[in-house]
Number of protein chains: 2
Amino acid sequence: MSLRHAVLGLIAELEGASGYDLLKVFDVSLANVWTATQSQIYGELGRLADDGLIRVAAEGPRGRKEYAITDAGRAEMRRWLTETRPRYLRRDEPMLRVFFFGQAGAATAAALLDAESDALAGMLDELVELDERIPWKEDDLSFYGGLAIEYGKRFMEMRRDWARWARDEVAARDAGD
Amino acid sequence: MSLRHAVLGLIAELEGASGYDLLKVFDVSLANVWTATQSQIYGELGRLADDGLIRVAAEGPRGRKEYAITDAGRAEMRRWLTETRPRYLRRDEPMLRVFFFGQAGAATAAALLDAESDALAGMLDELVELDERIPWKEDDLSFYGGLAIEYGKRFMEMRRDWARWARDEVAARDAGD
DNA sequence: GGTCTCATGTAACTCGTTACATGATTAA
DNA sequence: TTAATCATGTAACGAGTTACATGAGACC
């Protein structure tokens, strides 16, 4: 139940946030780490409130609901961080396709790998820009969010370099043996 | 519908494979890229056969069904590789937790990061061993599978190094300012 | 007055996980 | 003979996606 803890953890850090606020956080910094849709977030906020882990602390204009974490919620967050082990489930569509590039022919495979390294270079640029735009290290969320952004940058770099290397391997195999 | 194409692609490469055979491929080489459970695989094989993309080519002992791809299946595979763009959906539980390590205190955060770099070093060892055990480059699946394994190794290395770096950042922040 | 952003919610569907259930064949 | 491996299938549930639906407030 990772989404549950993502939402709960954000409410803990961002007291007074609404579902709409969380949605923006998911789109920007958390996107590198966990994606969520609008309907998921609102649904989970409702369930967390029903279970007493968060509560509606205030209501604003346009039906806005501002949430705050409860003691039970803080305890659950600590339990999740310290008493559960994360799962390393990999599900990576671009990399899955690589597995089958042989079925499209070597020339097409090389072109697809080129397109991927370009896409990755673009995503890396976006992250670097984001990293420079946000004032890190001010508070805990920023500090740990900064660690996650650094991870995102390393990830994109590694992957871009891999795509370039793989492209050369495919080209060499096509030309040579 | 990535699982569908993962199963379809494997049947294309491994003519005569059964659901049970695919299950092993998913557990070993494909695990770095796409995970699937037994019930998903059998379900998808049934649906692919219903849709005419694969067919039961032979039946073996113990109810074994050996599948073969059809022309419609090969066309669908080509279409998927060349006419669709992959999605970069990241959903990474260990990294999500990092986002909230501040809520457990700096000492606990450092310990959690230590545990993670150890786990990653172990997974890297497993991949290196796998890489040495399997005879790559013999056929297309092995060649492209080898590219994916190289990716897996780079991924683990990057991640292990990141965890060590992050641990030092947390320790420095805790000691210093 | 019109458009943009803020703001929430639900319904239908697909995908993924866990657990159960069953049985044949092989090798020690 | 008994344990391991091979082999398939389904049922219930939980998680994630897409689309629809609605409306209030802010800005120009």
Side-chain angles (χ1 to χ4, degrees), chain A residues 1-8 10-11 14 16-28 30-31 33-51 54 56-67 80 84-93 96, chain B residues 1-8 10-11 14 16-28 30-31 33-51 54 56-67 80 84-93 96:
Chain A
M1 283 192 290
S2 292
L3 175 73
R4 187 177 184 84
H5 294 98
V7 170
L8 181 58
L10 285 179
I11 293 296
L14 307 157
S18 66
Y20 194 79
D21 293 336
L22 296 194
L23 195 54
K24 282 180 291 182
V25 176
F26 271 96
D27 278 351
V28 183
L30 218 55
V33 154
W34 203 269
T35 51
T37 60
Q38 180 255 28
S39 66
Q40 270 183 295
I41 292 168
Y42 284 109
E44 199 58 58
L45 282 169
R47 264 169 267 132
L48 284 166
D50 287 347
D51 295 346
I54 61 175
V56 178
E59 304 206 22
R62 287 167 264 180
R64 176 186 173 92
K65 291 182 188 170
E66 301 186 342
Y67 290 93
W80 178 65
T84 68
R85 291 288 107 206
R87 288 181 306 174
Y88 290 79
L89 279 185
R90 278 184 291 289
R91 203 161 268 145
D92 187 324
E93 200 177 316
L96 175 66
Chain B
M1 284 194 290
S2 292
L3 174 73
R4 186 177 184 84
H5 294 98
V7 171
L8 181 58
L10 284 180
I11 293 295
L14 306 159
S18 66
Y20 193 79
D21 293 336
L22 296 194
L23 194 54
K24 284 180 290 180
V25 176
F26 271 97
D27 277 351
V28 185
L30 218 55
V33 154
W34 203 270
T35 51
T37 61
Q38 180 254 29
S39 66
Q40 269 183 297
I41 292 168
Y42 284 109
E44 198 59 57
L45 283 169
R47 263 168 269 132
L48 283 166
D50 288 347
D51 294 347
I54 62 175
V56 178
E59 304 207 22
R62 286 166 265 179
R64 175 186 172 92
K65 291 182 189 170
E66 300 187 344
Y67 290 93
W80 179 65
T84 66
R85 289 291 107 205
R87 287 180 306 172
Y88 291 79
L89 278 186
R90 277 184 294 287
R91 202 162 269 144
D92 187 323
E93 200 177 316
L96 175 66

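Within every chain, numbering begins at 1; the chains are lettered A, B, ... in the order of the sequence lines, protein sequences first and strands thereafter.
Considering only side-chain N and O atoms, Lys24(A) lies nowhere under 4.0 angstrom from the phosphate OP1 or OP2 of dT5(C). For dG9(C), the OP1/OP2 oxygens have no side-chain nitrogen or oxygen of Tyr42(A) closer than 4.0 Å.
Whole-Å rounding puts the Glu66(B) CD to dT8(D) C1' distance at 14 Å. Between Leu22(A) atom CG and dT8(C) atom C1' the separation is 13 Å, expressed in whole Å. The separation between Asp27(A) atom CG and dA7(C) atom C1' is 15 Å, rounded to whole Å. One atom, CH2 of Trp34(A), and another, C1' of dT17(D), lie 15 Å apart when rounded to the nearest Å. Atoms CZ (Arg47(A)) and P (dT8(C)) sit 16 Å apart, rounded to a whole Å. Between the OH atom of Tyr20(B) and the C1' atom of dC6(D) there is a distance of 5 Å, rounded to whole Å. For Glu59(A) and dA24(D), the CD to C1' distance is 14 Å, given to the nearest whole Å. Straight-line distance from the CZ atom of Arg90(B) to the P atom of dG16(D): 16 Å, rounded to whole Å.
Looking at Thr37(A), Leu10(A), Thr35(A) one by one, the single match for side chain to side chain contact (heavy atoms under 4.5 Å, CB included) with Phe26(A) turns out to be Leu10(A).
Contacts of Asp51(B) classified as side chain to side chain contact (heavy atoms under 4.5 Å, CB included), with partners at least two apart in sequence or in another chain: Arg4(B), Leu53(B). Considering only residues two or more places apart in sequence or on other chains, Arg85(B) meets the salt bridge (Lys or Arg N to Asp or Glu O under 4.0 Å) condition with none of them. The side chain to side chain contact (heavy atoms under 4.5 Å, CB included) check on Leu45(B) picks up Val7(B), Ile11(B), Leu22(B), Ile41(B), Ile54(B), Tyr67(B), with sequence neighbours excluded. For Ala58(A), the side chain to side chain contact (heavy atoms under 4.5 Å, CB included) partners two or more places apart in sequence, or in a different chain, are Glu66(A). Here Trp34(A) pairs with nothing under the ring-ring contact (aromatic ring centres under 6.0 Å, His included) rule; sequence neighbours left out.
In terms of modelled atom types and a separation under 3.5 Å, the side chain of Asp21(A) and the main chain of Ser18(A) share a donor-acceptor contact.
Here Leu23(A) lies out of heavy-atom contact (under 4.0 Å) with every strand.
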Quick tally for nucleotides 17-28 of chain C: nucleotides whose base has a protein heavy atom under 4.0 Å get B, sugar-phosphate-only ones S, the rest -, giving BBB----BSS--
